[in-house]
Engineer: 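Starting off with a structure, shown below.
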Amino acid sequence: CNPELAALITEALGTEDWIRDATLLAKLKPMADDAAFRKKWMAVKLKRKEKLAAHIKASTGYDVPVASMFDVQVKRIHEYKRQLMNAVSLIHRYQTIKAASPEERAKMVPRVTILGGKAASAYYMAKKIVALINAISKTVNNDPEVGDLLKVIFLPNYNVTEAEVIIPAAELSQHISTAGTEASGTSNMKFALNGSTIIGTMDGANIEIAENTGEENLFIFGVDAADVPRLREERTSMNRDDYDPRWNAAWDAVREGVFGDKEYFQNLVESVNDVHLGKGEFADNNDWFLCANDFASYMRAQDEADALYADQDAWTKRWVLISTDVRSLIVRPATLSLALRSSLVRQVDHLHGEQRVLLERPHNHAVRERDLERQTVEAVREQTLRFFCVPHAYLLFVIVIIMMLLAHVLPYTTLGRPSPGPPGPLTPGRHRPASRPASSCRPAIPRRPAFRPFRPVWKTPLSPRRSISRGSAR
């Protein structure tokens, strides 16, 4: 889906063998210091950004500046993936732009934030998150005071075809799930392979990418998985003063109706702010995925990304380093998606009720017990819907038709012919002339009638003659 980048790599290496042997991509590392190569890399990225900008215009009607940073978070909509925390950061960025002076705005890095994904049909809170993102988009994109400093885009109907346009154009990709909740999350590898820098937590495949590319080349933030159980216990005693002021200010704007119907978003606001919802049977309602806890460090990582993007040479150098190192990760069996392998074993162990550490990676089963239960319910629902999809419906329809045909045809065949039964008196006109004595006849065997064209059962007249010709007993 990125022929321009593939052509550049082939030109730089002088061979196409890297397509079959990705270890050759390690030779690109020294080229990260080559200004001419970085310039070509930036030209490829710009071309892909222009293509995505045209797609956004056609899909949403919004014009986005290609000179801005393209910040992307596209994945399944779920609370643990924390699109909500991204939305709150956009509210804060909007408020900062509105409060800034013209001189301060001139120093800001313009950004286009692109979100996409689908929620499960019955996932009420996920649909509220999508509604909030769209409300933010409508407010921000139509504010002339903000201009091109910030654009918020939610692309509808995200799928593989959309990904082929979005991923090659991404400059910053967000993989910000709560530590210890992501099974693998290999979409970050797809972004990195296409020259996108990563902002994320130490969760899922981010861990392997950080180990191979160097944690300094990623924008890492957030609490560790080992601290999550303790923080979930402590959150029920938090009050407003314990939250980051930027977090409070953003949610105050939602409460005041800046982004639409405040009553509609009330339960979404309470789900991450009201400590009274975090007790007893409602213990998972008060920010179970710790958005408020990670918000300050998340904003720090965002500020670091802005600062690096201002230096395009340093930013492009990081692109090249991440792309070459991730490609080497993919072809090394020893490090081939450790997160994916551990995820599969964890699921088997969970089904068998075992509690043990897997593949030498720390994992707290108590932390994931509730999360796995939710994900299992969603997976069962998804598999059920997938089983009864259109191909299976067609197959079921064909089987029913075949059964109807057999039910109508079998009475005319040898297989469907009734057994002659015990000998009995034969009536004239049935299977022998009336002049023949009954004592000299052997048991009558019904004859097979001539072939008749198919007629629906409900249109076939029933008559005594037809019954006799079938040899039915009276």
Engineer: Considering all heavy atoms of both residues, which atom of Ser89 and which atom of Met299 are nearest to each other, and what is their separation?
Structural biologist: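 For Ser89 versus Met299, the nearest heavy atoms are CB-SD, 3.6 Å.
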Engineer: Is there side-chain contact between Arg48 and Asn2, with at least one heavy-atom pair below 4.5 Å?
Structural biologist: yes
Engineer: Is the shortest side-chain heavy-atom distance between Phe191 and Leu172 below 4.5 Å?
Structural biologist: no
Engineer: What's the spacing between Ile176 CD1 and Met85 CE if we round to 0.5 Å?
Structural biologist: 4.0 Å
Engineer: Rounded to the nearest 0.5 Å, how far apart are CG of Leu24 and CD1 of Ile19?
Structural biologist: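 The distance works out to 11.0 Å.
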Engineer: State, with a plain yes or no, whether a side-chain heavy atom of Lys27 is found less than 4.5 Å away from one of Trp18.
Structural biologist: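 A side-chain contact under 4.5 Å is absent here.
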Engineer: With side-chain contact (heavy atoms from CB on, under 4.5 Å) as the test, would you mind laying out the steps for Gln302 and Ile199 before giving the verdict?
Structural biologist: CA-CA 8 Å; Gln302 291 281 11; Ile199 178 172; 3.8 Å; yes
Engineer: Measure from the side-chain N and O atoms of Ser137 to the backbone N and O of Ile133, and report whether any donor-acceptor pair falls under 3.5 Å.
Structural biologist: no
Engineer: Look at the side chain of Asn141 and the backbone N and O of Ile153, then say whether any donor-acceptor pair between them is shorter than 3.5 Å.
Structural biologist: no
Engineer: With a 4.5 Å heavy-atom cut-off, do Asp63 and Asp148 have their side chains touching?
Structural biologist: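 Asp63 vs Asp148: side chains apart.
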Engineer: What's the verdict on side-chain contact (heavy atoms from CB on, under 4.5 Å) for Thr197 and Tyr309, showing C-alpha distance, side-chain angles and the deciding distance?
Structural biologist: CA-CA 10 Å; Thr197 310; Tyr309 192 80; over 6 Å; no
Engineer: Val140 and side-chain contact (heavy atoms from CB on, under 4.5 Å): which partner among Leu149, Ile91, Leu150?
Structural biologist: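 Passing option: Leu150.
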Engineer: Short question: side chain of Asn212, backbone of Glu208 - any donor-acceptor pair under 3.5 Å?
Structural biologist: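 Yes, the answer is positive, given that a donor and an acceptor are paired below the 3.5 Å cut-off.
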Engineer: Could you tell me whether the side chain of Glu79 and the main chain of Met125 form a donor-acceptor pair under 3.5 Å?
Structural biologist: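 Here the side-chain-to-backbone pair does not exist.
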Engineer: About how many Å separate NZ of Lys151 and CG of Leu90, when rounded to the nearest 0.5 Å?
Structural biologist: 13.5 Å
Engineer: If you count the non-hydrogen atoms of other residues, nucleotides and ligands that lie under 6.0 Å from CD in Glu233, is the total more than 12?
Structural biologist: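 Open: at most 12 neighbouring heavy atoms sit under 6.0 Å from CD of Glu233.
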Engineer: Closer than 4.0 angstrom, basic N to acidic O: yes or no for Glu304 and Arg300?
Structural biologist: yes
Engineer: Mind checking whether Phe289 and His78 have parallel, tilted or perpendicular rings, split at 30° and 60°?
Structural biologist: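 Because their plane-to-plane angle is over 60°, the rings of Phe289 and His78 count as perpendicular.
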Engineer: When you compare the side chain of Phe154 with that of Ile136, does any pair of heavy atoms fall below 4.5 Å?
Structural biologist: no
Engineer: Going through the distances and angles, do Asn273 and Arg255 end up as a side-chain contact (heavy atoms from CB on, under 4.5 Å)?
Structural biologist: CA-CA 12 Å; Asn273 289 282; Arg255 290 188 183 97; 3.7 Å; yes
Engineer: Is the closest side-chain heavy-atom distance between Thr213 and Leu321 below 4.5 Å?
Structural biologist: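 Heavy-atom side-chain distance check fails, nothing below 4.5 Å.
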Engineer: Does CD in Glu145 sit with more than 12 non-hydrogen atoms of other residues, nucleotides or ligands closer than 6.0 Å?
Structural biologist: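 Yes, because the 6.0 Å sphere around CD of Glu145 holds more than 12 heavy atoms from other groups.
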Engineer: Are any side-chain N or O atoms of Tyr94 and backbone N or O atoms of Val146, one a donor and one an acceptor, separated by less than 3.5 Å?
Structural biologist: no
Engineer: Treating Asn86 as the side-chain partner and Arg82 as the backbone partner, does any N or O pair qualify as donor plus acceptor under 3.5 Å?
Structural biologist: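 Not a single qualifying donor-acceptor pair exists.
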Engineer: Within a radius of less than 6.0 Å around CD of Glu16, do more than 12 heavy atoms belonging to other residues, nucleotides or ligands occur?
Structural biologist: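 Not more than 12 within 6.0 Å, no.
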Engineer: Considering non-hydrogen atoms only, spot the tightest contact between Asp294 and Gly222 and give its length.
Structural biologist: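 Closest heavy-atom pair between Asp294 and Gly222: OD1-CA, 3.4 Å.
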Engineer: Would Met42 and Leu46 count as a side-chain contact (heavy atoms from CB on, under 4.5 Å) if you check the C-alpha gap in whole Å, the side-chain angles of each, and the deciding distance to 0.1 Å?
Structural biologist: CA-CA 6 Å; Met42 293 170 64; Leu46 178 61; over 6 Å; no
Engineer: How many angstroms lie between atom CG of Leu231 and atom CG of Leu290, to the nearest 0.5 angstrom?
Structural biologist: 6.0 Å
Engineer: Taking salt bridge (charged side-chain N to carboxylate O under 4.0 Å, His left out) as the criterion, tell me which of Arg318, Arg111, Lys49, Lys45 meets it with Glu171.
Structural biologist: Lys49
Engineer: What heavy-atom pair brings Trp247 and Cys291 nearest, and what distance separates the two atoms?
Structural biologist: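 Heavy-atom minimum between the residues: CH2-CB, 3.6 Å.
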Engineer: If you count heavy atoms of other groups shown closer than 6.0 angstrom to NZ of Lys262, is the number above 12?
Structural biologist: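 12 or below, so no.
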Engineer: Against Leu84, only a single residue in Asp287, Leu268, Ile77 fulfils side-chain contact (heavy atoms from CB on, under 4.5 Å); can you say which?
Structural biologist: Leu268
Engineer: Please check: side-chain N/O of Arg76 versus main-chain N/O of Gly117, any donor-acceptor pairing under 3.5 Å?
Structural biologist: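 Not confirmed, Arg76 side chain does not pair with Gly117 backbone.
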Engineer: Quick check: does any side chain N or O of Arg38 sit under 3.5 Å from a backbone N or O of Lys317, one acting as donor and the other as acceptor?
Structural biologist: no
Engineer: Count the heavy atoms belonging to other residues, nucleotides or ligands that lie under 6.0 Å from NZ of Lys138, then report whether that count exceeds 12.
Structural biologist: no
Engineer: Would you say Leu13 and Leu25 make side-chain contact, with heavy atoms under 4.5 Å?
Structural biologist: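 A side-chain contact exists here, since the closest heavy-atom pair is under 4.5 Å.
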Engineer: Side chains of Lys128 and Tyr124: donor-acceptor distance under 3.5 Å anywhere?
Structural biologist: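 Note: Lys128 and Tyr124 side chains meet the donor-acceptor criterion.
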Engineer: Could you tell me whether Arg240 and Asp252 have a side-chain N and a carboxylate O separated by less than 4.0 Å?
Structural biologist: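 Here Arg240 pairs with Asp252 in a salt bridge, since their nearest N and O are under 4.0 Å apart.
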Engineer: On a heavy-atom basis, which atom in Leu155 and which in Ser59 lie closest, and how many Å separate them?
Structural biologist: CD2-CB, 4.2 Å
Engineer: If you draw the axis of the six-membered ring of Tyr158, does the NZ or CZ of Lys118 fall within 45° of it and under 6.0 Å from the ring centre?
Structural biologist: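 Ring-cation test returns no.
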Engineer: So, taking the atom named OG1 in Thr96 and the one named CD in Glu104, what distance separates them when rounded to the nearest 0.5 Å?
Structural biologist: 9.5 Å
Engineer: Please examine the side chains of Gln83 and Lys75, heavy atoms only from C-beta on, and report whether any two atoms are closer than 4.5 Å.
Structural biologist: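 Result yes, sub-4.5 Å side-chain heavy-atom pair found.
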Engineer: Ignoring hydrogens and angles, tell me if any N or O in the side chain of Ser173 forms a donor-acceptor pair with the backbone of Ile198 under 3.5 Å.
Structural biologist: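 No.
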Engineer: For a quick test of reading the model, state the closest non-hydrogen atom pair linking Ser68 to Pro110 and the distance between them.
Structural biologist: OG-CB, 3.3 Å
Engineer: side-chain hydrogen bond (donor to acceptor under 3.5 Å, both in side chains), that's the test. Do Asp203 and Thr201 meet it? Break it down for me.
Structural biologist: CA-CA 5 Å; Asp203 190 38; Thr201 55; 4.7 Å; no
Engineer: Would you mind checking if Asp71 and Arg93 are paired as a salt bridge, meaning a charged N to carboxylate O distance below 4.0 Å?
Structural biologist: no
Engineer: Could you walk me through whether Asp227 and Arg230 pass salt bridge (charged side-chain N to carboxylate O under 4.0 Å, His left out), step by step?
Structural biologist: CA-CA 6 Å; Asp227 297 326; Arg230 173 181 57 82; 3.8 Å; yes
Engineer: Below 30° counts as parallel, above 60° as perpendicular, anything between as tilted: where do the rings of Tyr298 and Phe295 land?
Structural biologist: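 Geometry flag for Phe295 against Tyr298: tilted rings.
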Engineer: For Met31 and Phe37, work out which heavy atoms get closest and say how close.
Structural biologist: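 Nearest heavy atoms, Met31 then Phe37: O-CD2, 3.5 Å.
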Engineer: Out of curiosity, Asn188 CG to Asn206 CG, how far, rounded to the nearest 0.5 Å?
Structural biologist: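 Between atom CG of Asn188 and atom CG of Asn206 there are 4.5 Å.
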